[in-house]
Number of protein chains: 2
Amino acid sequence: MTGYGQFCPIAKTMEVLDERWTVLIIRELLAGSHHFNELRRGVPKMSPALLSKRLRSLQRAGIVMRLGDGNRVRYELTPGGKELGPVVMALGEWGIRWRTQLGDEDLDPHLLMWDVHRSLDLDAMPDGRTVLRFLFPDVERTTREWWIVVQGTDVDLCDFDPGHDVSVSAESSLRTMVDIWRGELAWQPALRSGDLTLQGPQAVRRALPHWLKLSAFAHVPRREPEPVG
Amino acid sequence: MTGYGQFCPIAKTMEVLDERWTVLIIRELLAGSHHFNELRRGVPKMSPALLSKRLRSLQRAGIVMRLGDGNRVRYELTPGGKELGPVVMALGEWGIRWRTQLGDEDLDPHLLMWDVHRSLDLDAMPDGRTVLRFLFPDVERTTREWWIVVQGTDVDLCDFDPGHDVSVSAESSLRTMVDIWRGELAWQPALRSGDLTLQGPQAVRRALPHWLKLSAFAHVPRREPEPVG
DNA sequence: CAGTATCCATTTCGATACTG
DNA sequence: CAGTATCGAAATGGATACTG
């Protein structure tokens with residue numbers, strides 16, 4: 001059986017949303033991904049076969065539309081799908097308050113860089129080309145080093161050296177950068193403690209924290225930590 | 001694998017909530033069920049083994065506490081669990097707007113009567129004993145006829161005749177009563193069309209709609225129906 | 001780019017019956 | 001009241017490779 005056999009609206013919603021990965025695909029669509037391979041980068045651990053299957057489920061459920069777009073395919077949220085925005089935000093707000101323990105396996109550099117690259121504040125960045133480089137020395141070779149090339153409204157994420165001059169380079173453990181992204185660690189303390197180091201002209205080092213906009217949940221009020229001792 | 005391998009707070013939330021039935025158990029706890037067999041009545045199509053398993057998952061996730069209560073067992077939401085209240089409401093609000101097609105298999109009389117019996121407005125009801133009777137002629141014999149016996153703050157739901165005088169009796173198809181419960185059909189039109197008939201003294205027939213408080217989602221604004229033709 | 005195809009180990013879960 | 005025990009059918013979905 002796939003449904004719950006209940007008329008309860010919560011049950012009817014969960015019939016759609018309780019399928020594994022489904023909510024994360026909706027999150028990606030809300031975040032502005034529209035093409036299959038964009039969606040894949042937001043759920044890098046999902047197989048393409050399964051993504052394809054879920055997209056079909058979401059179409060049947062009236063949440064996603066599949067449109068032609070030139071000779072490409074474009075996925076869009078329907079009005080009903082867009083109305084899941086506040087629901088998905090509520091899920092994330094709860095998560096950042098109550099699901100704070102991240103295992104090492106949760107620290108996916110692909111997703112981090114995908115998130116960072118798409119939420120840069122382009123208006124705050126200078127004209128011409130800017131290249132950000134990120135180095136996570138504690139991560140395996142193939143995902144250790146990343147570049148984001150910004151030019152106008154073009155933002156490219158590379159896991160190989162694109163060959164341009166680097167404007168500013170950031171080095172930290174992967175966990176430190178995730179903590180910063182999630183709003184659990186501020187730039188200044190990270191820099192002062194040495195967990196994060198920046199290289200580049202001082203003006204650019206100073207500007208970087210204004211260019212990276214952090215997670216949509218970074219500013220959610222946190223609960224008091226448990227009293228210790 | 002059970003997790004998503006993502007630091008995203010939405011993903012971390014869904015790791016807990018995407019397990020089948022889990023959100024419905026949280027709904028029941030939010031609605032005020034605390035004992036195993038109360039919870040069962042709110043998820044009547046779930047096997048007790050699976051309910052037991054889910055309750056253990058929810059404890060591990062820090063959402064539910066299992067407490068002794070005399071020689072009974074009592075399940076309570078933790079503070080984190082209680083904070084899922086708005087999240088679950090958001091899920092239901094979306095559902096009542098966008099998941100409006102109910103199959104016959106969604107019309108579970110057990111759940112309907114369980115819902116109705118626990119949301120009576122006791123303050124609006126008279127002192128002494130009141131007995132409500134519901135009859136769904138289109139439903140199979142064993143779940144066709146229900147009685148709710150109210151006495152003070154005691155509310156008992158029976159699927160057999162408790163033997164008291166009936167104060168007011170309601171007869172309708174199961175779907176009609178579900179539609180009323182969900183706020184899709186108002187009492188007056190249902191009575192006028194004959195989909196619903198009441199028997200009993202006029203004062204009590206008039207009072208009944210004030211005694212039944214309807215679903216928590218009955219008053220959610222609905223979207224415009226699709227234009228037809 | 002946008003998916004399919006295939007395979008199979010693993011998990012899930014519904015049904016039913018039973019227990020202290 | 002509050003669960004366990006057991007079983008088998010069905011589905012899930014991860015890995016990998018391939019396609020127009």
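Order of the sequence lines fixes the chain letters, A, B, ..., with proteins taken first and strands second; residue numbering starts at 1 for each chain.
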So, do A:Leu55 and A:Leu39 sit near enough that their side-chain heavy atoms are less than 4.5 Å apart? yes
Given atom CZ of A:Arg40 and atom C1' of D:dG14, what is their separation to the nearest angstrom? 13 Å
Rounded distance in Å - CG (A:Asp69) to P (C:dC1): 13 Å
Taking only residues two or more places apart in sequence or in another chain, which ones pass side-chain hydrogen bond (donor to acceptor under 3.5 Å, both in side chains) with B:Ser119? none
Quick check for you: among C:dA2, C:dG14, D:dG13, whose closest atom lies nearest to any side-chain atom of B:Trp21? C:dG14
Can you measure A:Glu19 atom CD to D:dT12 atom P for me and round it to whole angstrom units? 7 Å
Is any side-chain heavy atom of A:Trp21 closer than 4.5 Å to one of A:Leu50? yes
Listed by chain and number, what are the salt bridge (Lys or Arg N to Asp or Glu O under 4.0 Å) partners of B:Arg40, not counting sequence neighbours? none
Look up atom OG1 in A:Thr13 and atom CZ in B:Phe217, then write down how far apart they are to the nearest 0.5 Å. 8.0 Å
Evaluate B:Arg118 against B:Glu28 for salt bridge (charged side-chain N to carboxylate O under 4.0 Å, His left out), listing each step before the verdict. CA-CA 11 Å; B:Arg118 72 171 160 202; B:Glu28 283 305 299; 2.8 Å; yes
Going by the salt bridge (Lys or Arg N to Asp or Glu O under 4.0 Å) test, which pairs reach into residues 3-16 of chain B, not counting sequence neighbours? A:Arg99-B:Glu15, A:Asp106-B:Lys12, B:Lys12-B:Glu15
In the structure I gave you, are the side-chain heavy atoms of B:Leu212 and B:Leu132 within less than 4.5 Å of one another anywhere? yes
Strand-adjacent residues in residues 104-120 of chain B, judged by heavy atoms under 4.0 Å from DNA chain C: none
Among pairs that include at least one residue of residues 154-166 of chain A, which meet side chain to side chain donor-acceptor pair (under 3.5 Å), considering only residues two or more places apart or in two chains? A:Arg129-A:His164
With sequence neighbours left out, write down each residue that passes side-chain hydrogen bond (donor to acceptor under 3.5 Å, both in side chains) with B:Ser169, or none if nothing qualifies. B:Arg133
Side-chain contact test, heavy atoms from C-beta onward, threshold under 4.5 Å: evaluate it for B:His35 versus B:Asp69 and give yes or no. yes
What integer distance in Å separates A:Arg20:CZ from D:dT12:P? 13 Å
Pick out the pairs of N or O atoms, protein on one side and nucleotides 4-8 of chain C on the other, that lie under 3.5 Å.
{"unit_1": "C:dT4", "atom_1": "OP2", "unit_2": "A:Ser52", "atom_2": "OG", "d": "2.6"}
{"unit_1": "C:dT4", "atom_1": "OP2", "unit_2": "A:Arg56", "atom_2": "NH2", "d": "3.4"}

How long is the span from the OG1 atom in A:Thr22 to the CZ atom in A:Arg54, to the nearest 0.5 Å? 4.5 Å
Write down the distance between CG (B:Leu51) and P (C:dT12), rounded to a whole number of angstrom. 17 Å
Any side-chain N or O of B:Arg74 below 4.0 angstrom from OP1/OP2 of D:dC1? no
Starting at atom CD of B:Glu38, determine the distance to atom P of D:dA2, rounded to an integer number of angstrom. 8 Å
To the nearest Å, give me how far apart CG (A:Leu50) and C1' (D:dT12) are. 8 Å
With no hydrogens and no angle check, do the side chains of B:Asp108 and A:Tyr4 hold a donor and an acceptor under 3.5 Å apart? no
Are any of A:Tyr4's side-chain N or O atoms less than 4.0 Å away from OP1 or OP2 of C:dG14? no
Which residues in residues 57-68 of chain A have a heavy atom closer than 4.0 Å to any atom of DNA chain D? none
Minimum-distance nucleotide (side-chain atoms of B:Arg72 versus D:dC1, C:dC13, C:dC1): D:dC1
With pairs defined as Watson-Crick or G-U wobble and both distances under 3.5 angstrom, please note down DNA chain D as a dot-bracket string, | for pairing with another strand. ||||||||||||||||||||
Distance-only side-chain donor-acceptor flag, B:Glu76 / B:Thr78, under 3.5 Å: no
Quick check on C:dC1: is either OP1 or OP2 less than 4.0 Å from any side-chain nitrogen or oxygen of A:His35? no
Rounded to the nearest Å, what distance is computed from the CE atom of residue B:Met46 to the C1' atom of nucleotide D:dA2? 15 Å
If I take atom OG1 from residue A:Thr176 and atom CD from residue A:Glu171, how far apart are they, to the nearest 0.5 angstrom? 11.0 Å
Any pair with a residue in residues 104-126 of chain A that passes ring pair (Phe, Tyr, Trp, His ring centres under 6.0 Å), sequence neighbours left out, goes on the list, sorted by first then second residue, please. A:His110-A:Trp146, A:Trp114-A:His117
Which pairs count as salt bridge (Lys or Arg N to Asp or Glu O under 4.0 Å) when at least one residue sits in residues 78-95 of chain A, sequence neighbours excluded? A:Glu83-B:Arg97
Contact residues, residues 147-159 of chain B to DNA chain D [heavy atom, < 4.0 Å]: none
